[in-house]
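Computed over heavy atoms, backbone and side chain alike; hydrogens, waters and symmetry mates excluded.
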Protein chains: 2
Amino acid sequence: MLTSASHAEAPNAWTVRRTTAPRPLGHALDDCFSLAPVRQLKAKEPLFAEGDTKSNIYRIESGAVLIYKILNDGFRQIVSFAFPGDYVGLEMSPLYTYDAQTIAPTRIRALPSVALWRRAREDAAIAGEIFETLSREISDARRHFLTIGRLSATGRIATFLIALAHRNERKSLDAVDIQLPVRRSDIADFLCLSVETVSRSLTELKTAHIISLRGWRQIKLIDRDALERLAAGETMLDQGCHLKRAA
Amino acid sequence: MLTSASHAEAPNAWTVRRTTAPRPLGHALDDCFSLAPVRQLKAKEPLFAEGDTKSNIYRIESGAVLIYKILNDGFRQIVSFAFPGDYVGLEMSPLYTYDAQTIAPTRIRALPSVALWRRAREDAAIAGEIFETLSREISDARRHFLTIGRLSATGRIATFLIALAHRNERKSLDAVDIQLPVRRSDIADFLCLSVETVSRSLTELKTAHIISLRGWRQIKLIDRDALERLAAGETMLDQGCHLKRAA
DNA sequence: CGAAGGATTGACATTTGTCAAGTAGAGTGG
DNA sequence: CCACTCTACTTGACAAATGTCAATCCTTCG
């Protein structure tokens, strides 16, 4: 949800030829990477920069990576967060089109892009999984721009929190008590908001007893339905909104 | 620029790998479609709806198609415009994820999606071109969300006009006197603005003598540099802005 | 325990959306 | 060719949302 991912289970044309097997879940792409060497990075280390020749395609093993772009006016736009299992740089281009930097100690596997393309040409299963991953990236990107373009600050935050919850569910982690992997300013740069607005929206959700905060990185989703509604475009006023401003 | 496309030479990373050969432009994908039957549609006819089973992938021969989504709150979000040469529905998914409707009399070719995927499995050249097209869609989608998220109304309009100019250049049409293919409300729904704001921004550009308007659908780009700067994030005040409000 | 970075809050400016007129183009029938 | 009409567009006044700047308050970590 947050980035191009390997979480792979869209039923589609490519999997058709595998329908006989109970889990047409593709591991072919993953397998390519399991042979690749692991690289260990510290926090805040660059992985590559915009304009670099794209030599490798990466898969995150542990940690977290920020994919972003520095705009002319100096602002930073985060395009996606990459977490364990996610691929980075899969889209086909001769150069990296973004900057990438770790935000925590991170282990990655690097596979030379030419090697991957060669294998994709030879093995239709791999090509198919790349199609799937790219298709998912397209729909993620489009969903994200709906989020940015149409939702209020609070709606965007709600969307973000729901996405984190989903991610935790997929990984069998706690989807209620969520450990924020990023700082406020990262959220802001991802959702095209100012840090202040992110902060205000979180406070608003807290005041409405939809979430609760423990420290800066621990968030508890109390009323997930309300979050879903906000993410769907309802406003705080639409809802029966218990306590408009009780405080 | 405006949609997933076959028009293959946006000034970006993609052009680099083609610098050696003058036109290594792939026609394999196009060839697939040239055998497909043509369908004739009137203006305002639906091509498919969100949730329909994806039976066909389309290529526009003439006319124009709107790809959009109706949101919960009734708003319409236009995801892209598809013009002659563009593909529609290429991304891999078992269902259409958007609505599509013609905005003018349109001729399209329809290719069964299973047929295309089969050919892609057999022919690496076709698979490669699909990769490229999808990759371009990803970068278009991301560029678009930068536009939506970071630019003022005027900046977004400028971006849109520049994109139209590029499109016309690619097709050897007039890139200065531009015939708008869409209405204000389509621009608004594409750029996540209200119709009124679109109108005001156009008026502002006209007043600054950056564009001129002849009727509703004819736009002349007078100061393209200024447009480029606005699209890059500069504000009207940043520039030496001849005539702040001379009127 | 103190320092430094990160987060929150408040006051205010700016931008954009909304609602309500009003105007201009395009098409139609006389 | 003109009047009529419908739709698309423009403009204005105002409200709401968000960004900006500045001050202050937490947390974390050394």
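Here A/Ser135 pairs with nothing under the side chain to side chain donor-acceptor pair (under 3.5 Å) rule; sequence neighbours left out. With sequence neighbours excluded, the residues satisfying side chain to side chain contact (heavy atoms under 4.5 Å, CB included) with A/Ser139 are A/Arg143. Residues passing the side chain to side chain contact (heavy atoms under 4.5 Å, CB included) test with A/Ile162 are A/His166, A/Arg224, A/Leu227, A/Glu228, sequence neighbours excluded. For B/Arg150, the side chain to side chain donor-acceptor pair (under 3.5 Å) partners at least two apart in sequence or on another chain are A/Gln77. A search for side chain to side chain contact (heavy atoms under 4.5 Å, CB included) contacts involving B/Ser194 returns B/Glu196, B/Thr197, not counting sequence neighbours.
For B/Leu191 and C/dT15, the CG to C1' distance is 16 Å, given to the nearest whole Å. The distance between atom CZ of A/Arg150 and atom C1' of C/dT16, rounded to the nearest whole Å, is 13 Å. Between B/Gln218 atom CD and C/dG25 atom P there is a gap of 13 Å when expressed in whole angstrom units.
A heavy atom closer than 4.0 Å to some atom of DNA chain C occurs in no member of residues 68-77 of chain B.
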Tell me, with the steps shown, if A/Phe81 and A/Ile67 meet side-chain contact (heavy atoms from CB on, under 4.5 Å).
CA-CA 6 Å; A/Phe81 302 105; A/Ile67 316 295; over 6 Å; no
Which pairs of donor and acceptor atoms, one on a side chain in residues 182-192 of chain B, lie under 3.5 Å apart (sequence neighbours left out)?
{"unit_1": "B/Arg184", "atom_1": "NH1", "unit_2": "B/Trp216", "atom_2": "O", "d": "3.0"}
{"unit_1": "B/Arg184", "atom_1": "NH2", "unit_2": "B/Trp216", "atom_2": "O", "d": "3.3"}
{"unit_1": "B/Asp186", "atom_1": "OD1", "unit_2": "B/Arg76", "atom_2": "NH1", "d": "3.4"}
{"unit_1": "B/Asp186", "atom_1": "OD1", "unit_2": "B/Arg76", "atom_2": "NH2", "d": "2.8"}
{"unit_1": "B/Asp186", "atom_1": "OD2", "unit_2": "B/Arg183", "atom_2": "N", "d": "3.2"}
{"unit_1": "B/Asp189", "atom_1": "OD2", "unit_2": "B/Arg76", "atom_2": "NE", "d": "2.6"}
{"unit_1": "B/Asp189", "atom_1": "OD2", "unit_2": "B/Arg76", "atom_2": "NH2", "d": "2.8"}

Side-chain donor-acceptor distances from residues 40-53 of chain B under 3.5 Å, at least two apart:
{"unit_1": "B/Glu45", "atom_1": "OE1", "unit_2": "B/Lys42", "atom_2": "N", "d": "2.6"}
{"unit_1": "B/Asp52", "atom_1": "OD2", "unit_2": "B/Ala49", "atom_2": "N", "d": "3.0"}

For a quick check, with a 4.0 angstrom heavy-atom cut-off, what is the B/S/- contact string for nucleotides 3-11 of chain C, read 5' to 3'?
--BBSBBBB
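Judged by distance alone, the side chain of B/Asn168 and the main-chain N or O of B/Ala165 form no donor-acceptor pair under 3.5 Å. B/Lys220 places no side-chain N or O within 3.5 Å of a backbone atom of B/Arg214 that could act as its donor or acceptor partner.
A/Tyr58 has its ring centre no less than 6.0 Å from the ring centre of A/Phe33.
Applying the side-chain hydrogen bond (donor to acceptor under 3.5 Å, both in side chains) definition to pairs two or more places apart or across chains, those involving residues 154-165 of chain B are B/Thr154-B/Glu204.
Overall bending of the helix from C/dC1-D/dG30 to C/dG30-D/dC1, expressed as the angle between end axes built from five pairs apiece, is 40° (10° steps).
For the pair B/Glu137 and A/Arg142, the salt-bridge criterion is met [side-chain N within less than 4.0 Å of a carboxylate O].
Using a 4.0 Å cutoff to heavy atoms of chain A, the contacted part of DNA chain D runs 5' to 3' from D/dT18 to D/dT27.
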